[in-house]
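What follows is a short report on a single structure.
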There are 2 protein chains.
Amino acid sequence: MRQQAPVRKGVGRPRKGDQDKSDSASRILDEAEALFAAHGFHGVTLREIAARAKVDAALLHYYFQHKKGLFDAVWERRAEVLNRERLDAMERYASTHAGRMTVEGAIEAFLGPLMDPQRHREAGWRNYFTLAALVSNSAAWGGEMMGRFFDPVVKRLIELIATALPDARQDELYWSYHMLSGALMLTLSETGRLDTLSGGLCSSADIESLAPRMVRYAAAGFRALCQPAR
Amino acid sequence: MRQQAPVRKGVGRPRKGDQDKSDSASRILDEAEALFAAHGFHGVTLREIAARAKVDAALLHYYFQHKKGLFDAVWERRAEVLNRERLDAMERYASTHAGRMTVEGAIEAFLGPLMDPQRHREAGWRNYFTLAALVSNSAAWGGEMMGRFFDPVVKRLIELIATALPDARQDELYWSYHMLSGALMLTLSETGRLDTLSGGLCSSADIESLAPRMVRYAAAGFRALCQPAR
DNA sequence: GTCTATAACTGGATAGAC
DNA sequence: GTCTATCCAGTTATAGAC
């Protein structure tokens, strides 16, 4: 009678105030995020998540109905935050640099919220990024999930770069974005491969070093494809 | 008495001749490859694999002991072929172009066997590439599995590019390779994302278009990072 | 080599008490 | 909201007949 069935949206239900951080539902989301990121959807059991969140397993169903519902809630929670920030960053850049936008500037705004060193110090965000990277390269879900949430951000980036490179063909912009996206996702995946490959010379967790290089590398790539007859 | 237990290596056991293609063991490998690529290790059951390969489920254990053994066999079967071909291609390039190697040439040799259009028409190879892309971005296995089999090829690529860009710093070569690797893996993942994102303008399955662009994009990126004070 | 049978367990999900 | 109890379908893996 007081409040009956679980609602389908987001983060379970706070009572009326919104101090819902660190209560059961968001602890569940945090641990689900960490485990899904590490082992993928099928590599994790609801019991594991419940145990690590220190809640009863039945609670996961109470809040999120089924496993996929929990996964989606994890996915959406931070996607919305990121989308807002990235669109804002690009808008800010576009309006402060109208008429003199550069490829580098556009990419920097696009990447900013994903490469923020502060954010990479938070385990929650790092786990989320790792999850996104895994989903990105998964044949079954990659196209759908990445597209559903992140396409508007990408479209905006391409508009900005098209302004900076007015002679660029649309398809070359998309090909170029594809390369950037791959590099970004591998970076976020935190497999540690670069570390061992380079014998410790580089670490993919070292985003302070990586971010500016990703901008320069990608900008050069965009120019090579989109500014051909030069 | 004749032959007792399964051996631990590779592709089950051919009798004495080696016409083992299309018999049970390799059908199992083919179907496992397709399913692992689509859903990941945990997203697939041995029963499914057996059903699709039209063999009894117990046979999978006879040949490969356990699920992980089957997965490893799938992984190794084509890894060895690829490694040989890629090293050969780079060696051929290095010896025919001694003293006049280019970044483009080195990358082209490195990518060649992965981007061969003929090969991309075979479902088996396509599945394998998809699987590699998935593993590549998986936090749990990516570092270990990619490194164990593919590091020598990467090391050789970096040597060749270092010859073409003699002033390059080692770490910048590794950072650059990281970007190339990410783009390559996303390409191989075949999620269809680029297709819908671009509204059909581009398709990531269209490797005839993608391959030369990947070479140019990456070469420009390498130069941007490794040839700084120019 | 292939198949039957089954052991031994784990998975997601739900009903209902508190 | 949280927990107990439980259902039952599906999982890997093995023993042993043919």
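First the proteins, then the strands, lettered A, B, ... as listed; each starts at 1. All heavy atoms count here, side chains included; hydrogens, waters and symmetry mates do not.
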Fill in: Residue A/L59, side-chain heavy atoms: nucleotide from D/dT2, D/dT12, C/dT2 that is nearest
D/dT2

Item to complete: Kindly point out which of D/dG1, C/dT2, D/dT12 is positioned nearest to the side chain of B/S24?
Response: C/dT2

Fill in: DNA chain D: 5'-proximal contact among B/H66 and A/K54 (nearest heavy atom)
A/K54

Worksheet item: Which whole-number value in Å describes the distance from B/Y63 OH to C/dG1 C1'?
Response: 6 Å

Fill in: For atom NE2 of A/H42 and atom C1' of C/dG11, their distance in whole Å
13 Å

Worksheet entry | Between C1' of C/dA13 and CZ of A/F71, the distance in whole Å | 20 Å

Worksheet item: Atom CD of A/E48 and atom P of C/dG11: how far apart are they, to the nearest Å?
Response: 7 Å

Worksheet item: What is the distance, rounded to the nearest whole Å, between atom CG of B/D56 and atom C1' of C/dT6?
Response: 13 Å

Worksheet entry | Taking every non-hydrogen atom, the tightest pair across A/L87 and A/V153 | CD2-CA, 4.0 Å

Worksheet item: Side chain of A/K67, backbone of A/F41: donor and acceptor closer than 3.5 Å?
Response: yes

Worksheet item: Does atom NZ of B/K68 have more than 12 heavy-atom neighbours, drawn from other residues, nucleotides or ligands, at distances under 6.0 Å?
Response: yes

Practice prompt. Starting from P on D/dG1, measure out to CD on A/Q65 and report it in whole angstrom.
Written response: 14 Å

Discussion item. Does a side-chain N or O of B/H61 approach OP1 or OP2 of D/dA13 to a distance below 4.0 Å, or not?
Written reply: yes

Worksheet item: Just by distance, do the side chain of B/Y174 and the backbone of A/G200 share a donor-acceptor pair under 3.5 Å?
Response: no

Item to complete: Could you state the atom-to-atom distance from NZ of B/K67 to C1' of D/dT14 in whole Å?
Response: 18 Å

Worksheet item: Between A/Y62 (OH) and C/dA13 (P), how many Å, whole number?
Response: 18 Å

Item to complete: Counting heavy atoms from C-beta on, name the nucleotide in D/dT2, C/dA13, D/dT4 closest to the side chain of A/A58.
Response: D/dT4

